[in-house]
Amino acid sequence: MELAPYRAPSEQLVSNYDIYIGGIALGQDQIISLLHTYQSVQFPITMFLDGKTKKKVDELLEQILNYRDVPQVFKLFKEVEKLIQQAATTKFLSHRAHHLYIRDDSPFAGIEMEPNGKIDYKKIYLIK
């Protein structure tokens with residue numbers, strides 16, 4: 001097993017490695033984040049596609065740029081994801097959503113969840 005340099009060009013990853021495991025975190029603007037993920041050279045997701053599938057994915061991403069209707073945009077993203085999965089080049093794994101419930105009469109304050117779903121216990125304090 002060999003670890004690839006984090007900033008290795010996608011072409012290097014595709015030609016030198018059999019498997020690539022990576023992760024992304026979407027920002028506040030999910031549409032921009034997803035477009036960046038599929039089009040950036042930092043993420044080799046589309047580099048593993050055959051020419052025909054890559055062309056179709058590129059066409060769908062181009063359509064996304066022209067839409068203003070958010071539900072339609074996410075419908076097109078679903079099509080992109082489906083094409084990539086059908087090409088058997090990528091397996092999408094998702095983190096489950098995290099929910100934090102705090103009683104109204106809790107004697108504690110400062111209870112917050114970190115982006116990875118863990119509670120930051122250092123910020124919790126007792127209300128006097």
Side-chain angles (χ1 to χ4, degrees):
M1 178 181 281
E2 178 181 349
L3 295 175
Y6 174 71
R7 300 220 181 259
S10 296
E11 294 84 8
Q12 178 185 344
L13 295 174
V14 172
S15 63
N16 294 334
Y17 300 99
D18 296 323
I19 187 170
Y20 173 85
I21 299 172
I24 60 165
L26 300 182
Q28 291 290 352
D29 189 328
Q30 293 178 345
I31 295 171
I32 297 296
S33 295
L34 287 168
L35 282 169
H36 176 71
T37 298
Y38 290 125
Q39 294 180 319
S40 173
V41 295
Q42 292 293 38
F43 302 103
I45 292 173
T46 58
M47 298 295 276
F48 290 97
L49 298 173
D50 63 78
K52 182 180 172 184
T53 305
K54 176 140 178 34
K55 183 177 181 204
K56 180 64 178 164
V57 166
D58 288 342
E59 289 170 0
L60 288 169
L61 294 174
E62 191 66 35
Q63 287 179 34
I64 287 169
L65 291 172
N66 296 320
Y67 276 101
R68 298 289 174 252
D69 179 39
V70 174
Q72 181 62 29
V73 166
F74 281 103
K75 188 176 179 182
L76 290 171
F77 275 127
K78 289 252 187 227
E79 286 184 48
V80 168
E81 189 173 309
K82 185 177 177 183
L83 282 170
I84 292 171
Q85 286 181 321
Q86 286 174 340
T89 59
T90 301
K91 175 69 176 166
F92 292 99
L93 304 174
S94 300
H95 291 282
R96 62 180 174 80
H98 299 280
H99 302 281
L100 181 62
Y101 299 100
I102 303 169
R103 290 187 352 225
D104 290 337
D105 63 343
S106 173
F108 299 99
I111 302 171
E112 297 177 13
M113 196 176 299
E114 296 176 346
N116 63 5
K118 295 181 180 180
I119 294 175
D120 187 352
Y121 292 99
K122 293 181 281 187
K123 293 183 179 179
I124 297 174
Y125 60 92
L126 185 62
I127 301 172
K128 293 186 180 188

What distance separates [X] [atom1] from [Y] [atom2], expressed to the nearest 0.5 Å?
X: F74; Y: E81; atom1: CZ; atom2: CD; answer: 11.5 Å
X: I127; Y: F108; atom1: CD1; atom2: CZ; answer: 9.0 Å
X: L60; Y: L83; atom1: CG; atom2: CG; answer: 6.0 Å

Can you name the side-chain contact (heavy atoms from CB on, under 4.5 Å) partners of [X], sequence neighbours left out?
X: S33; value: L26
X: D29; value: I31, I32
X: K75; value: Q72

Hydrophobic clusters here meaning ILVMFWY residues chained together by side-chain heavy-atom distances under 4.5 Å, can you tell me if [X] and [Y] are in one?
X: L76; Y: V70; result: yes
X: Y121; Y: L126; result: yes
X: Y67; Y: Y38; result: yes

For the residue pair I111 and S106, what are the closest heavy atoms and their distance?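 Shortest heavy-atom contact: CD1-OG, 4.4 Å.
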
In short, side chain to side chain donor-acceptor pair (under 3.5 Å) pairs touching residues 51-64 with sequence neighbours left out are D50-T53, K54-D58

Report task. Not counting sequence neighbours, which residues clear side chain to side chain donor-acceptor pair (under 3.5 Å) with D120? List them please. Result ->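 None.
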
Q | Any side-chain heavy-atom pair of L34 and V73 under 4.5 Å | A | no

Salt bridge (Lys or Arg N to Asp or Glu O under 4.0 Å) pairs touching residues 98-107, sequence neighbours excluded, are R103-D105

